[in-house]
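Here's the structure we're looking at; comments come further down.
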Protein chains: 2
Amino acid sequence: MAASAHTHHEHHGADLSRAAQATLEQAGEQWTDLRAQIFDVLAKFDKPASAYDIADGVSKAAGRRIAPNTVYRILDLFVGANLARRVESSNAYIANAHPDCLHDCIFLVCDSCGQTTHLDDDSITKTVRSAAKATGFAPVRPVIEVRGKCADCEDDQAAG
Amino acid sequence: MAASAHTHHEHHGADLSRAAQATLEQAGEQWTDLRAQIFDVLAKFDKPASAYDIADGVSKAAGRRIAPNTVYRILDLFVGANLARRVESSNAYIANAHPDCLHDCIFLVCDSCGQTTHLDDDSITKTVRSAAKATGFAPVRPVIEVRGKCADCEDDQAAG
DNA sequence: GATGTGAGGTTACAATATCACATGAACAAA
DNA sequence: TTTGTTCATGTGATATTGTAACCTCACATC
């Protein structure tokens, strides 16, 4: 596999929540009920979710209204702490399956079904960073996303 | 220079407008007054402009109100015809200085001043495309942007 | 003149994002 | 016990970005 030298542990379900909690607390932030709920709702989406989607989901789960700006606040915190990522070309967020491990990452976003898969290929992201540096630019956060069609939607097209 | 084997002609001012017109007409679309005005306003911004910024600029220039959705329509046309690009991480648009030549491209966006520079490095974009393909994904449009600090803002920081 | 087509106008609205300020709980200091 | 402080969250308003639906006009063609 080309991606990276070390092995990730991809977390799921309760295990992922625990990993997220650990990471957030190590960052000196609290793992509150609301944050846990928001993380769980986010993690259950199988594709990137907008802050408003999450607000709806959490509101339902909590049985009371959670306003979008509350969600934004917590999402910002999550992104800062590597618990979640923002998909810029979708204006949406996705949980990070290995919050304990820091990467620039690459998203493949299907324009048909919205499915978004996450790639870690450090050789690509390093190349992008150094190309930026070479022009005198100080890179902070690469945004590398690919819009296109996922394998399933390709197949559908071929079959249909 | 690493970027690409062929040489671009970077157009500016009236020359750029002419190149844009030629490209758009070759795509079977009309180069109307309004499109010309929108293109000129877009090209005069020195950083990515939102559709609303452009609507304001064009409204002033034209002496009458041009609504944002009109601007969006025309920007979509421009993006489809390679006259302009959308910078996803800024929700904004930028004129393409060489509309006559098709590339995936890379933007370096300064978080301090908004300055955005445009890189064409086909080796990077090809690598990204093929990494996507390798997972069974059919790439259509890579979005490669780097958020960070431009050389000027870095210097300011160092000096101040 | 009737009809078709493409460009643009107009109104309304949806989706995304931020701001300012209030409340409440936890804890520390007086 | 009261006061102050901090942090998390609530609340309402508003700004920004993006679409949809439908209409009119100009021009071409028949």
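Only a predicted model underlies this, so the values are computations on that prediction, with no experimental measurement involved. Letters A, B, ... are given to chains in the order of the sequence lines, protein chains preceding strands, and every chain is numbered from 1. No hydrogens, no waters, no symmetry mates; every other heavy atom, side chains included, goes into these values.
The CZ atom of R35(A) lies 13.0 Å from the CD atom of Q37(A); values are rounded to the nearest 0.5 Å. Rounding to the nearest 0.5 angstrom, the gap separating the CG atom in D120(B) from the NE2 atom in H98(B) is 4.5 Å.
Distance CD1 (I74(B)) to C1' (dG6(C)): 12 Å, rounded to an integer number of Å. One can place CG of N69(A) at 11 Å from C1' of dA20(C), the figure rounded to the nearest angstrom. Rounded to whole Å, the distance from CG on L34(B) to P on dG6(C) is 18 Å. In this structure, Y72(B) places its OH atom 17 Å from C1' of dG8(C), rounding to the nearest Å. In this structure, the CD atom of E29(B) is 16 Å from the P atom of dT5(C), given to the nearest Å. Here the P atom of nucleotide dA17(C) and the CG atom of D53(A) are 11 Å apart, to the nearest Å. In this entry the distance linking CG of D33(A) with P of dA26(C) reads 12 Å, nearest Å.
Between dA7(C), dT11(C), dG9(C), one nucleotide has an atom nearer to the side chain of R65(B) than all others, and that is dT11(C).
Looking at N91(B), its side chain has no donor and acceptor atom pair within 3.5 Å of the base of dT16(C). Between the side chain of Y52(A) and the base of dA14(C), no donor-acceptor pair of N or O atoms lies under 3.5 Å.
Among the protein residues, R73(B) comes within range of the nucleic acid bases, having at least one heavy atom under 4.0 Å from a base atom. Among the heavy atoms of the strands lying under 4.0 Å from T70(A) is at least one base atom, whether or not backbone atoms are also near.
With respect to the salt-bridge test (charged N to carboxylate O, under 4.0 angstrom), the residues E88(A) and R141(A) qualify. A salt bridge does not link K149(A) to D111(A): none of the charged nitrogens lies less than 4.0 Å from a carboxylate oxygen.
Here the range on DNA chain D touched by chain B, meaning any atom under 4.0 Å from one of its heavy atoms, is dT17(D) to dA20(D).
Shortest non-hydrogen contact noted between C113(A) and K47(A) is O-NZ, 2.7 Å.
Sequence order on DNA chain C of the closest nucleotides to A51(A) and A67(B) puts A67(B) first from the 5' end.
In summary, of the residues considered (D122(B), D121(B), N82(B)), a side-chain hydrogen bond (donor to acceptor under 3.5 Å, both in side chains) with H103(B) occurs for D122(B) alone.
Two residues are said to be in side-chain contact when any heavy atoms from C-beta on lie closer than 4.5 Å; L83(A) and L24(A) meet this criterion.
Look at R86(A) and you'll find a side-chain N or O under 4.0 angstrom from OP1 or OP2 of dA17(C).
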